[in-house]
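So you know, we letter chains A, B, ... as the sequences are listed, proteins then strands, and number each from 1.
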2 protein chains.
Amino acid sequence: MSNYETEEDFLKDYKPKEYPSNAYTADIVILTIKDGKLCVLLVKRGGWPYKDCYALPGGFVDQDETSEMAAARELKEETNVEFEAHNLEQLKTYSTPGRDPRMRVISTAYLVFAPTGLIGTPVAGDDAVEAHFFAIEDIAGFNSNNDGIRLAFDHSTILADALERAASKLEDLPVATAFLDGTFTIPELRRVYEAVWGFPLHASNFRRKVLNTEGFVEPVGEVGKNDASGRVAELYKAGDVRILHPAILRSKSR
Amino acid sequence: MSNYETEEDFLKDYKPKEYPSNAYTADIVILTIKDGKLCVLLVKRGGWPYKDCYALPGGFVDQDETSEMAAARELKEETNVEFEAHNLEQLKTYSTPGRDPRMRVISTAYLVFAPTGLIGTPVAGDDAVEAHFFAIEDIAGFNSNNDGIRLAFDHSTILADALERAASKLEDLPVATAFLDGTFTIPELRRVYEAVWGFPLHASNFRRKVLNTEGFVEPVGEVGKNDASGRVAELYKAGDVRILHPAILRSKSR
DNA sequence: ACAATAGTGTCTTTTAGACAGTATTTG
DNA sequence: CAAATACTGTCTAAAAGACACTATTGT
């Protein structure tokens, strides 16, 4: 029985008891959109285990940092880009015994939306030989024919959870603009929703909903460039609202 | 450089390298409703640190179990009730250095909704001297006057996150019925929403929305008992739908 | 001119919110 | 009886979905 008078006295004498010891890592799901397709940053593994498979970027959490800080640090190391905290969202923690065949590893996954142009050539880390964005539809398990890029560890599960979370966040948070650069057109914004949700939207109804959702976007008063044929669209920038009301609901396939 | 031909060969020779070692625990937020008030199960701490404060139930995750399994096991030990997995939801993982003054502890929190009648007298565990349900409004930091029950570690933060998640889940998942016993009345269901959301609802509009949300509740064809004056309400049971459509939105105070 | 895409307007249906009024119970 | 609570019905406004139509660009 402890008989200390104050917490300071107790802690001064405290010796850690036996407890299970675990490695703790942070994994990051960085999504972006390229050519209208939803993509995720993956690093190719150069060594065992899962040699030649692809993995989410990530690494050990140091003793003096939170998993958020570790995720932000790894992100900087992998992409040379610093992300704001509000775009770095904790997704879920994975603790299944054996998820890493080498040892017990607990991993907290984070979710980040990256604008198409911001990230240059991702930099490969220690264990990796190359890092690239891959279209989700080219990853095994995320397309109809069951081939393509193979993911290491339980990263298929993590990615699936991330995609559902991303689709859900687009509904009531103004995060779709994080995929775009400073100014964008409504059709570009619509293509973000279509890429993440995986089905086409009615262009005119989408436009009305976005403009009726107060604070979602603000007109800039210019027109964008044309990368195909057709009318040139007007430019907007992200508004300052933090919650979309009314929400942009997907109503299909839930 | 590793030159193994197969993953089996590699793992046979593998020796863990140095990595930061962490304690890993699961904490559980068990919510229930008593006398129309939202309550949480807390255990009183008998020893340092945070002696005489109250804490969420929880404990170490064993090497051969997931944090989900640990949460379910702790829950059984604390309450003598087994919960189904779909009522046991991972909330968030907390990793701030120093959150436990004794050592580095990573903790994953879980959220559970308990029916009022199901849990008898909660059983105190090893480090605890008593375990009870406390009204949220009696906990320091969750009421207007800033006194009341004091929580240990970062459990105020965890509880705040849990309450927001609970309020959000009521909107589009049929989880409010998990607070009630097998059969219930619409007014009883409404009082669950009012307790979790913290503001009163229009009784007639609430009834219409619940009945228009297909599969949320099914009539039983009897009437309940009266614990006050007024007309006796009809009984319903939980339906089989997994997502509420249309959702029961709170539209206020978000 | 024609194809393609952006944007406007309109009609219908669904849902939310407010609230008046009726029904059933207790004291 | 009055008070309290459950339930029904109705009106209005917000919002979604479908879709016809106009506007502006590239080829």
To the nearest Å, give me how far apart CZ (B/Phe206) and C1' (D/dT5) are.
16 Å
Hydrogens and angles aside, do B/Glu68 and B/Tyr110 bring a side-chain donor and acceptor to less than 3.5 Å of each other?
yes
B/Ser95-A/Ser67 side chain donor-acceptor pair, cut-off 3.5 Å:
yes
Rounded to whole Å, the CG-P distance (A/Leu211 to C/dG7) equals 9 Å
Side-chain-base donor-acceptor pair under 3.5 Å for A/Arg208 and D/dG17
yes
Side chain of A/Pro187 only, heavy atoms from C-beta on: which candidate in C/dA6, D/dA6, D/dC19 is closest?
C/dA6
Donor-acceptor pair, distance only, cut-off 3.5 Å: does the side chain of A/Thr108 make one with the backbone of A/Thr93?
no
Closest to the side chain of A/Glu234, out of C/dG7, D/dC7, C/dA16, is C/dG7
N or O in side chain of A/Arg231 less than 4.0 angstrom from C/dA3 OP1/OP2:
no
Do you see a donor-acceptor pair shorter than 3.5 Å between the side chains of A/Tyr94 and A/Asp161?
yes
Integer-rounded Å distance: D/dG17 P and A/Leu201 CG
10 Å
Any B/Arg207 side-chain nitrogen or oxygen under 4.0 Å from OP1 or OP2 of D/dT8
yes
B/Pro246 or B/Ser229, whichever maps to the more 5' nucleotide of DNA chain C:
B/Pro246
Taking only the side-chain heavy atoms of A/Lys209 (C-beta and beyond), determine which of C/dA6, D/dC19, D/dG17 contains the nearest atom.
D/dG17
A/Glu188 CD to C/dT5 C1': how many Å, rounded?
13 Å
Indicate whether OP1 or OP2 belonging to C/dG17 is found under 4.0 Å from a side-chain N or O atom of B/His202.
no
Find the distance B/Arg250:CZ to C/dA16:P and express it as a whole number of Å.
15 Å
Atom NE2 of B/His245 to atom C1' of C/dA16: distance rounded to whole Å?
14 Å
Between A/Asn205 and A/Gly230, whichever has its closest DNA chain D nucleotide further toward 5' is A/Asn205
Do the side chains of B/Thr116 and B/Lys34 get nearer than 4.5 Å, heavy atoms only?
yes
So does A/Asn212 reach the base of D/dA15 with its side chain, donor to acceptor, closer than 3.5 Å?
no
If the cut-off is 4.0 Å, is A/Ser251 near the phosphate of D/dG17, judged by side-chain N/O to OP1 or OP2?
yes
Which residue lies toward the 5' end of DNA chain C, B/Val232 or B/Ala247, if each is placed at its nearest nucleotide?
B/Ala247
